[in-house]
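Reviewing the structure listed below.
To find a chain, count down the sequence lines: A is the first, B the second, and so on, and within it residues start at 1. These numbers were taken from a predicted model, which means no experiment stands behind them.
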There are 2 protein chains.
Amino acid sequence: MRHLCVPEGLTAEETGKLEDVISATRAVRRGDALFRAGDAFESLYAIRSGSIKTVVSREGGREQVTGLHLGGDALGLDGIGENRHMCTAIALEDSSVCIVPYSSFERMCRESGSIQRRLHQMMSREIVRETNQLTTLGSLRADERVARLLLDLSARFTRRGYAAAEFTLRMTREEIGSYLGITLETVSRTLSRFQARGLIDAHGKLIRIRDFAGLRAI
Amino acid sequence: MRHLCVPEGLTAEETGKLEDVISATRAVRRGDALFRAGDAFESLYAIRSGSIKTVVSREGGREQVTGLHLGGDALGLDGIGENRHMCTAIALEDSSVCIVPYSSFERMCRESGSIQRRLHQMMSREIVRETNQLTTLGSLRADERVARLLLDLSARFTRRGYAAAEFTLRMTREEIGSYLGITLETVSRTLSRFQARGLIDAHGKLIRIRDFAGLRAI
DNA sequence: CGCGGATTTGAATCTATTCAATAAGAGTGG
DNA sequence: CCACTCTTATTGAATAGATTCAAATCCGCG
């Protein structure tokens, strides 16, 4: 199922319809953009494999990472409102996405209540995800932010069938800092401190969580 | 139109259908909750009059303001994903909302493409609004955050037909700080500094913007 | 008019940033 | 495959910005 980007809970017929709508897939190489802020909005995307960051450019050429999307996540929901994308999506590693033309998808939503419900759930969850990120940026100290990111990633990898305790950060320290609203130096220092306290093993981008309870307690 | 919470761009027939769905209105007194995190999700809401904050409770009883909603704004989109509300909505002043039962609304979306599109746009714009707030919390200094809030409120009041330069903050300094990820003292100090520089007139909650360009330049 | 919450302001403290220098890796071409 | 280079990461020291704690004032409301 996963490789078709099809969510569970649909009838065979609905699944068939969805497959018709998912017209194609696209490979995105590490560093390449799936879409850019300002691009005309045509399609939604679902990540088949790999990982993709979304960034918003702020005046002065500075960019902020606003989202971190893994396999199975939807991408492009921000474009519906104004018919053009409001952020830029860049692959953190060689990735592959399903392309879901929005007009066909919209039509399908009218035909199938389950599919409509799926879309609404996807969008609602995206809203909740961002609300959570708002609380991270709005009220946590740097070490709490980093701990929360590690635990979040661990949970998301687990749900995808990967190891809970060991994973590769696909982002640089700078991108992590941008996502967490802190500087790259603070990210680095915090990871070092976590390592010194025996909470994690960090070898560059490879992270192993040694003490989940300890991380949660921060 | 506004008092029926009906968005523009619909045919008369569609407007009629919408009016059928909007079953009732509800008055919410200042300080009262429209819904609370954990409540079963039944309805969406549109603000008829007044203003409402959304807050998320963090462990330790601390609350963070994650949204600030004015007349015409939708509320409750966060509940769709898990069938229960994920945040608490509290009136900042005596307010009135339209109640839109979600099940009927969902059905209507299947019958009318325009209405469906409206809902999708609403949700997408909510995502973009939160993305913007993420960039505020993630990369701006305290004075930039306050300036951005004032300009944002000014723009939103303007769109609603009120004066651009003068408005009443319905939130306390503490709520503003929570929304902006800074302390109430910093909010107060920043407003004082803006006043000293001739950018605004602030008398408690009443704000008059004297120098838009100056605020934007911060 | 008086009370209690809200706001303002000051001073000390602390966290995170900035600047800087070094080290470690990743990628490239010989 | 190795040397070279450029990017990324780590760490230190000084600084800046925001927080915390505290006290005084303001204001709305009963």
Is [X] close enough to [N] that one of its side-chain N or O atoms is under 4.0 Å from OP1 or OP2 there?
X: T183(A); N: dT17(C); answer: yes
X: T186(B); N: dA18(D); answer: no
X: T172(A); N: dT8(D); answer: no
X: K205(B); N: dG28(D); answer: no

Hydrogens and angles aside, do E130(B) and T131(A) bring a side-chain donor and acceptor to less than 3.5 Å of each other?
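Side chains of E130(B) and T131(A): pair found under 3.5 Å.
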In terms of heavy-atom contacts, does OH of Y162(B) have more than 12 from other residues, nucleotides or ligands at under 6.0 Å?
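Result for OH/Y162(B): open.
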Count the heavy atoms of every other residue, nucleotide or ligand shown that sit under 6.0 Å from CZ of R210(A), and state whether that count exceeds 12.
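No, CZ of R210(A) has 12 or fewer neighbouring heavy atoms, counting only those of other groups under 6.0 Å.
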When all nucleic acid strands are considered with a 4.0 Å heavy-atom cut-off, which category describes L184(B): base, sugar-phosphate, or nothing?
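Since a base atom lies under 4.0 Å of L184(B), the category is base.
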Among dT7(C), dT18(C), dT20(D), find the nucleotide with the atom closest to the side chain of R189(B).
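Shortest atom-to-atom distance from the side chain points to dT20(D).
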Rounded to whole Å, please give me the gap between [atom1] in [X] and [atom2] in [N].
X: L180(A); N: dT15(C); atom1: CG; atom2: C1'; result: 16 Å
X: E185(B); N: dG17(D); atom1: CD; atom2: P; result: 18 Å
X: R173(A); N: dT11(D); atom1: CZ; atom2: C1'; result: 13 Å
X: R145(A); N: dA16(C); atom1: CZ; atom2: P; result: 8 Å
X: L206(A); N: dG25(C); atom1: CG; atom2: P; result: 12 Å
X: E144(B); N: dT17(C); atom1: CD; atom2: C1'; result: 14 Å
X: L191(B); N: dT7(C); atom1: CG; atom2: C1'; result: 10 Å
X: R141(B); N: dA18(D); atom1: CZ; atom2: P; result: 7 Å

State, to 0.1 Å, how close S139(B) and R58(A) come at their nearest heavy-atom pair, and which atoms those are.
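Looking at all heavy atoms of both residues, the closest pair is OG-NE, 3.1 Å.
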Parallel, tilted or perpendicular: which one describes the rings of F41(B) and H85(B), with boundaries at 30° and 60°?
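Answer is perpendicular, since the angle exceeds 60°.
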Residue whose nearest DNA chain C nucleotide is more 5′ - R30(B) or S192(B):
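Going by which nucleotide is closer to the 5' end, it is R30(B).
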